[in-house]
Structure formats: C-alpha cells, structure tokens
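Here's the structure, in structure tokens; my notes come after.
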Amino acid sequence: MLRTPLYRWHVAHGARMVEFGGWEMPIQYTSVVEEHRAVRTAVGLTDVSHMGRLIFEGPGAGAFLDSLLSRDVSALKPGQVRYSLLTDQRGGIIDDVLIGCFAKPGESADSMRAGSIQAGSVRYVLVVNASNRKKVLEWIRRYLADSVARKPDEEVLFADTTTETAMIAIQGPKAVALMQSHVENAQVENAQVENAQVEDAQVEDAQVEDAQVEFDLASMKYYNGAYIRLKSDLGVEGPVLLTRTGYTGEDGFELTVPAGSAEHVWDTLHASGRSAAPSLLPVGLGARDTLRLEAGMPLYGHEMNEETDPFEAGLSYACCLDGTDYPGRDALVALSGAALKRVRVGIMLDEKRPAREGCSILIESGQNAFDQNASGVESGRTVPRPVGVVSSGSFSPTLGRPVAMGFVPPEYSSPGQLVLIDIRGRMASGKVVPLPFYKRK
Amino acid sequence: MDKNTLRYTPSHEWVYVDGDAATVGITDHAVKALTDLVYIELPEVGRTLAANEAFGEVESVKAVSDLLSPVAGEIVEVNSEIADNLDVLTADPFARGWLIKLRLTAPVPTSLLDRAAYEKLEEGE
C-alpha cells in the first residue's frame with residue numbers, strides 16, 4: 001500500500017488510517033462531524049496526495065489532450081481549470097478528472113501578459129482519481145505510443161508526478177485568509193494571467209507597472225490557478241501550483257508541493273490556522289465524503305463507472321460534442337440524442353437512519369409529488385415497486401438528516417417526488433430534492 | 001457500572017449480570033471507535049435472544065455495526081431514552097447509555113472476557 005508524504009503526520013496526530021484507492025489514508029482524526037463543520041465554518045486541511053498528478057508539456061500537449069479528454073483542452077487559457085471526463089470508445093467513463101492549463105513555472109510571464117502565448121510555454125496538469133491512476137496511465141501511454149512518430153512541433157512531454165509531490169486541500173470560508181498570509185506578494189506575474197482577459201492585457205500590464213500590485217488571492221477566481229511562490233516560513237523555494245478548486249462545496253484551494261516539503265508546509269499551515277478562531281482542523285476522507293455528498297458532487301465508483309452514461313449522471317456539461325474528436329465522442333453524440341433511462345437525483349430522508357450505497361429506491365404506485373394518498377387508506381395502496389438504487393448515502397451534518405444520491409427513471413426525478421428506500425429490509429420514506437443539498441452563500 | 005464487574009465481548013458489548021437479570025450495553029471504546037452516532041435500532045420487549053445474536057444496530061456517519069447480545073435471554077426492557085437522544089449513549093455508555101435488559105434463559109457464556117482481557121484486546125486495535 002502506498003503512503004503519502006504526510007503519512008507520519010497523520011499517524012502522529014491520532015488519525016484512523018484506512019485503505020483508499022491503494023493508499024493508506026486518514027479517514028478521520030477526531031470526528032467526521034467536527035471535521036465537516038470546520039470546513040463549513042472555518043477551514044480544514046485534507047491530504048489529497050493520493051490523487052494522481054500527471055503533467056503534460058511540449059508543443060503537442062494541448063492537441064494530445066484534446067484527442068483524449070471530453071473537453072477542448074487547447075481552448076483553455078493559462079490559469080484555467082476545468083472538470084472533464086476520460087471516456088472509452090463506448091462513451092463509458094474511464095475517469096473524471098480536473099485538467100488545468102498554467103503558465104509554465106520559470107517561463108517568462110511577460111510574453112503571456114502581452115497576449116502572445118506560445119504553444120509549448122504552458123504546462124497542463126491532469127488530476128485523476130487515485131483508484132484510476134494506473135488505468136489512466138495505461139490509457140495515456142497507449143495513445144502516446146500510437147503517435148510515436150510525432151514531428152518536433154507535435155512533441156508531448158509527459159510525467160506522472162504523483163509520488164514526488166503532495167497535494168493539500170485547504171477548504172472553507174477562511175481558506176483565502178489563511179493562504180493569503182503564506183503567499184509571496186511579489187509573485188504577481190502568473191496571478192495576473194488568469195485575471196487578464198487577453199484583450200485587456202495592455203491595461204493590466206500598465207497597472208502592474210504603476211502600482212506595486214500585491215498578489216491578492218481573493219482575485220484568483222474559482223476554477224483558476226497558477227504557479228505561485230510561498231513565503232519562506234513554508235520552506236519551499238520554487239514555484240508551486242495553487243488552484244482555487246475543491247471537492248467540498250466550499251471556497252478553498254488545492255496546493256501541490258514537493259514531497260520533501262509537504263510535512264513542513266502542512267505543519268505550518270496547521271499551526272497558523274489553529275491560532276485563529278474558529279479553528280482549523282485536519283480533515284479526513286470521511287468528512288471529505290460527507291462534504292462532497294452535501295455539495296451534490298459525483299464520486300467515481302459510486303455515481304459513475306465505465307458503464308455509466310454521462311448524461312444520466314448529469315455530466316453533460318463535461319462532454320464537448322462539437323469540438324475535437326476523442327475516444328467515445330461519437331458514442332456520446334448518439335447517447336445525447338437518446339431518451340434517458342435514469343437520472344441522478346438527490347434524496348432527503350424523513351427519519352434519522354441513513355440510506356447507504358446499494359439500497360433500493362421504491363415508488364408506491366399513484367404516489368408522486370402531485371397526487372399523494374395523504375389519507376393513507378390501505379385499500380388505495382399497492383406494493384412499492386423498485387425503480388432505482390442509491391449510489392451514495394450518509395448523514396448530512398449540515399442538514400442534520402440523512403441524504404443520498406441515486407438513480408431513478410426520469411418520471412420519478414422531479415423534486416417533491418415521494419420515495420421509499422429499502423434500508424436492510426425496512427422502508428424509510430423520503431423525497432427527491434434538488435441538488436446540491438448544500439450551497440454556500 | 002463498575003467496569004470490573006462487567007463481562008465483555010470481542011465486538012465491544014458489555015453485560016452486567018445480577019442473578020438472572022442482565023443489562024447489556026456497548027463500551028466506551030465502541031462509542032469512540034464509531035464516533036458521530038446518528039441512529040440506533042433497538043428490539044421490542046419480549047423477544048428472545050440467543051447468545052451472540054444480533055439484537056439491533058448502531059450507525060455512525062460512516063458505517064453500520066450490528067449489536068450482538070453477550071448472553072441468551074428474553075428482553076424485558078429497552079432503553080427508550082437513547083433512541084431519541086444518542087448523546088446519552090455517547091456520554092455515558094456504561095450507565096445511562098445501557099441498551100437492553102434481559103432475563104437470562106441460559107448460563108452466561110464462559111467465553112466472555114473480563115476487564116483485563118478486554119482491555120488487552122482494546123490495546124491491540
């Protein structure tokens with residue numbers, strides 16, 4: 001089993017360690033609920049080093065990624081991050097990923113500010129699920145090998161940097177304040193890039209020269225990122241990747257640092273956040289799961305797998321059907337025109353008992369949102385009929401009630417639809433509600 | 001309850017026996033290991049249990065665990081207070097957080113652990 005560079009810290013701080021995607025990871029330090037609340041009200045630190053971090057450079061990198069991912073990667077401007085799928089020929093989901101395009105660290109940012117972005121001056125970073133990393137690597141290498149006879153201007157440089165780096169999620173309403181105090185102000189170059197519309201580049205440029213603009217992290221938009229410099233107290237010399245992304249439904253960042261610096265970075269951020277009130281907590285994968293569930297975010301292996309139709313999973317926004325070709329695009333075009341057999345919904349339960357993955361979702365005939373048998377007359381009832389299945393379910397610490405995601409036929413997917421869930425032989429009542437369950441203000 | 005007078009199961013239940021009356025609960029170790037309790041399912045009074053039979057389940061945010069009876073007996077009382085207020089179980093698992101009371105229908109199994117043996121098992125986890 002693999003261990004992240006923060007393994008020792010987790011164990012020393014009483015984390016309960018479990019296997020996750022081939023890695024030994026902290027599921028909780030003290031309490032899932034407390035850790036969950038820290039992210040909703042303050043800030044939490046989560047070790048997400050198990051996620052795969054694959055980098056692509058070279059003049060052919062954008063076109064190569066275009067040919068594999070469901071989004072048009074070469075259309076990304078430096079600084080942008082997008083959610084995307086990696087699909088097989090049938091349109092089945094191999095993995096769901098984040099793809100980011102960044103000014104290559106060390107590269108002169110002047111050329112980019114001037115709007116003359118040269119092909120090859122950017123680095124693409126693909127973040128993949130831990131459990132799928134091996135499969136994704138095989139998929140990528142297969143396609144790279146197919147195009148081995150690339151011309152020099154189509155060269156693709158590829159590396160899996162997962163084990164030589166660590167990735168830390170800093171999530172919560174206080175994440176900006178925490179990170180702001182640890183980011184070097186001088187490093188404005190890359191920060192400007194993602195804010196600057198190319199056409200505004202001249203204006204931005206002038207502002208940079210006139211005023212000693214500080215790198216204001218708050219100006220880094222959601223799903224943007226850059227290579228930045230951390231203050232010396234974090235002990236990292238070179239530029240590191242900071243993106244305003246996360247998997248919690250809360251504001252925050254994900255920070256990638258060299259493996260050797262990870263423990264010091266984590267420890268320093270932890271100490272710094274602990275001194276503020278309400279306080280930072282280290283957050284395990286248990287709370288990460290309840291956070292993403294409340295945020296209505298799908299998880300690979302639960303809301304999707306290789307047999308899932310992305311449209312049923314509600315991922316049509318990640319499928320570009322009219323751009324460059326990629327494996328599965330034609331299949332997705334065909335699927336996009338077909339009627340959905342089932343759709344992903346959110347369900348809130350009435351009682352305290354959580355529904356779990358695999359529980360059946362049932363409908364009582366005649367019971368939908370608009371004509372429910374409120375009187376409960378026995379003769380009017382029929383035996384509940386299974387129509388779907390729960391894909392993720394837990395207790396929502398924010399709502400104080402169990403919530404679940406699952407798949408049901410479209411005719412039962414309207415908010416307000418009454419459902420029953422078979423929890424180990426006993427029926428629990430609930431209803432379909434809009435996703436997400438929780439949305440930050 | 002005095003922890004020294006209790007007997008324990010490897011699955012973290014405790015039982016206190018006084019004549020043919022038994023009181024069953026789960027240990028502080030179990031409560032701590034589960035954390036974030038959200039739901040408990042307890043049986044009806046009158047049901048007869050065999051030793052090691054599941055009589056309910058306790059559920060945390062993360063997972064569900066079966067509750068196993070350390071002894072054989074007929075359920076004579078169920079702690080109705082904790083179903084509505086799991087904090088009682090979390091705060092006081094050896095007293096107010098008891099789960100069921102039974103009238104023994106068979107001798108207490110000799111395989112149950114005493115405090116020393118149970119604490120040794122705890123340390124190993």
Side-chain angles (χ1 to χ4, degrees), chain A residues 14-20 25-40 281 283-294 349-359 390 392-404 421-428 430, chain B residues 10-12 26-47 49 52-69 75 78-93 97 99-100 119 121-125:
Chain A
R16 199 173 304 162
M17 306 300 286
V18 297
E19 192 275 339
F20 185 84
M25 299 299 292
I27 186 144
Q28 69 180 64
Y29 299 85
T30 52
S31 144
V32 172
V33 172
E34 280 173 28
E35 292 163 28
H36 182 109
R37 291 205 172 117
V39 172
R40 289 277 179 255
L281 283 184
V283 171
L285 295 185
R288 185 170 156 87
D289 191 47
T290 53
L291 288 159
R292 71 92 194 169
L293 177 60
E294 283 185 354
L349 282 83
D350 298 329
E351 304 292 334
K352 290 266 180 186
R353 193 182 195 199
R356 302 290 182 179
E357 182 180 5
C359 289
V390 170
S392 291
S394 189
F395 187 82
S396 159
T398 305
L399 302 172
R401 282 163 72 178
V403 296
I421 298 183
D422 181 347
I423 308 178
R424 295 179 296 284
R426 279 228 277 132
M427 294 296 168
Chain B
S11 51
H12 308 291
I26 57 174
T27 66
D28 51 355
H29 179 86
V31 167
K32 197 158 167 266
L34 287 162
T35 63
D36 307 311
L37 301 182
V38 295
Y39 179 80
I40 191 159
E41 175 94 23
L42 291 175
E44 300 282 317
V45 168
R47 193 175 139 195
L49 298 173
N52 212 32
E53 183 179 344
F55 65 86
E57 57 185 38
V58 62
E59 187 151 9
S60 70
V61 170
K62 285 195 314 286
V64 192
S65 298
D66 276 335
L67 298 166
L68 304 179
S69 181
I75 299 168
V78 171
N79 189 346
S80 54
E81 186 187 9
I82 54 170
D84 300 323
N85 188 3
L86 282 166
D87 292 344
V88 172
L89 173 57
T90 305
D92 197 5
L99 302 179
I100 55 172
E119 285 177 354
L121 181 136
E122 278 181 327
E123 281 166 26
E125 287 199 356

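In the text below, chain A, chain B and the rest are named by the order of the sequence lines, each starting its count at 1.
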- Under 4.5 Å heavy-atom distance to chain B, tell me which part of A:Glu351 shows up: side chain, backbone, both or neither. neither
- Please state whether the side chain, the backbone, both or neither of A:Thr30 comes within less than 4.5 Å of a heavy atom of chain B. backbone
- Message: Closer than 4.0 angstrom, basic N to acidic O: yes or no for B:Glu41 and A:Arg424?
- Response: no
- Between NZ on residue B:Lys62 and OG on residue A:Ser31, distance to nearest 0.5 Å: 8.5 Å
- CG-NZ distance between B:Leu37 and A:Lys352, expressed to the nearest 0.5 angstrom: 12.0 Å
- Query: Which residue out of A:Pro354, A:Ser394, A:Gly400 racks up the most heavy-atom pairs below 4.5 Å with chain B?
  - Reply: A:Pro354
- When heavy-atom pairs shorter than 4.5 Å are enumerated against chain B, which of A:Arg16, A:Glu34, A:His36 gives the highest number? A:Arg16
- Message: Can you tell me which of B:Asp36, B:Thr35, B:Val64 forms the most heavy-atom pairs within a distance under 4.5 Å of chain A?
- Response: B:Asp36
